[in-house]
Amino acid sequence: MKIVKAYNSVSLVLRIVIGMVIGAALALIIPNAAETAPGIGILGTLFVGALKAIAPLLVFVLIISALAQSKEKMGKQFGTVIALYLIGTLLAALCAVVASFLFPSTLALAQEAASSAPGGIGEILQTLLNNAVSNPISAMAEANYIGVLLWAVVFGIALRDASDRTKQVLGDLSDALSTAIRWVISCAPFGILGLVFTTVSE
């Protein structure tokens, strides 16, 4: 379709910026926007939900496919995935710390929440290990990436001696999920529009 081609021909960053501007403008123009036009705000909820739904499955299948098809001991692709995951986690933590200093805020916790803080490093490690060996299906459903990564590694190594047809199926499945996530990301401008609309209107 010409409309889809024209839409995809524009830079994703530009589309997201346009979505932010339109979302903010609609929230300022429409009085009581959250109540009078709830359909706009739901775009952001749908976008975030779609990302949360498909991202763990994508990581799971990509790692399994990379390890199963790798001829080396652990596979260069798997090493790249782990390195990117660790770097991304480190950068996210760094951004959170910097933002907490730039924009300090006070958070009032309920008594139950305050009493549930981990008692020490041993409890933290125990929680981490429990998350790592949790049910793989529930790990994907709850976006528990520690569990997703561990079970993906286990299944990927176990499938290294699988038939070429099985490995081809895994490759095709990873390609299909990659295409699906690209479709979801191409809808990011609408999701950002909905998120900005809800935030500004509230």
Side-chain angles (χ1 to χ4, degrees), residues 1 4-5 7-13 15-16 43-96 118 121-192 195:
M1 294 174 61
V4 176
K5 289 182 178 179
Y7 174 79
N8 290 327
S9 65
V10 181
S11 168
L12 178 62
V13 176
R15 282 182 278 162
I16 290 175
L43 293 174
T45 305
L46 292 175
F47 174 69
V48 173
L51 280 181
K52 287 182 178 180
I54 200 170
L57 184 60
L58 175 67
V59 172
F60 186 72
V61 174
L62 280 178
I63 293 177
I64 291 178
S65 178
L67 283 177
Q69 298 183 30
S70 175
K71 299 183 186 294
E72 299 182 7
K73 203 164 188 180
M74 288 298 287
K76 293 181 179 179
Q77 293 175 325
F78 175 67
T80 302
V81 170
I82 292 298
L84 290 175
Y85 176 76
L86 293 176
I87 292 172
T89 303
L90 178 63
L91 291 177
L94 181 63
C95 290
I121 188 67
E123 187 175 347
I124 294 174
L125 290 176
Q126 181 179 356
T127 302
L128 181 64
L129 292 175
N130 288 334
N131 288 336
V133 296
S134 64
N135 185 294
I137 296 177
S138 65
M140 285 186 286
E142 298 168 3
N144 171 17
Y145 284 97
I146 299 297
V148 170
L149 287 171
L150 176 68
W151 288 114
V153 170
V154 171
F155 290 132
I157 294 174
L159 287 169
R160 290 187 64 189
D161 295 328
S163 65
D164 292 338
R165 180 172 295 182
T166 300
K167 294 179 181 179
Q168 181 63 42
V169 170
L170 287 172
D172 292 341
L173 185 57
S174 65
D175 291 340
L177 286 170
S178 298
T179 301
I181 199 72
R182 280 197 295 270
W183 289 346
V184 173
I185 292 175
S186 69
C187 297
F190 298 101
I192 299 298
L195 292 172

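For the numbers below, each heavy atom of this structure counts, side chains included, while hydrogens, waters and symmetry mates do not. By convention here, the first residue in the shown sequence is residue 1.
- In this structure, S134 and W151 approach most closely via the heavy-atom pair O-NE1, 2.7 Å.
- At least one donor-acceptor pair under 3.5 Å links the side chain of K167 to the backbone N or O of R160.
- Considering CG of L170 and CG of D175, their distance stands at 11.0 Å, rounded to 0.5 Å.
- Closest approach of A50 and V184 over heavy atoms only: CB-CG1, 4.0 Å.
- Counting heavy-atom neighbours within 6.0 Å of I137 CD1, excluding the residue itself, gives a total of 12 or less.
- A distance of 12.5 Å separates CD1 in I146 from CG in N130, rounded to the nearest 0.5 Å.
- P189 places a side-chain heavy atom less than 4.5 Å from the side chain of L12.
- For the pair L159/L67, no side-chain contact is recorded, criterion being any heavy-atom separation below 4.5 Å from C-beta on.
- To the nearest 0.5 angstrom, R182 atom CZ is 11.0 Å from L177 atom CG.
- Counting only N and O atoms by type, the side chains of D164 and Q168 include no donor and acceptor under 3.5 Å apart.
- Heavy atoms of other residues, nucleotides or ligands lying less than 6.0 angstrom from CZ of F47 number more than 12.
- Residues I192 and L43 form no side-chain contact, since every pair of their non-hydrogen atoms from C-beta on lies 4.5 Å or further apart.
- Nearest heavy atom pair, residue V148 against residue P56, reads CG1-O, 3.7 Å.
- With S174 as the partner, the side-chain contact (heavy atoms from CB on, under 4.5 Å) test is satisfied by one option alone out of I63, L58, L62: L62.
- Closest approach of V10 to R15, counting heavy atoms only: O-NE, 3.1 Å.
- Within the 4.5 Å cutoff, the side chain of I64 has no heavy atoms near those of the L173 side chain.
- For the atom pair CD1 of I16 and CZ of F190, the computed distance is 11.5 Å after rounding to the nearest 0.5 Å.
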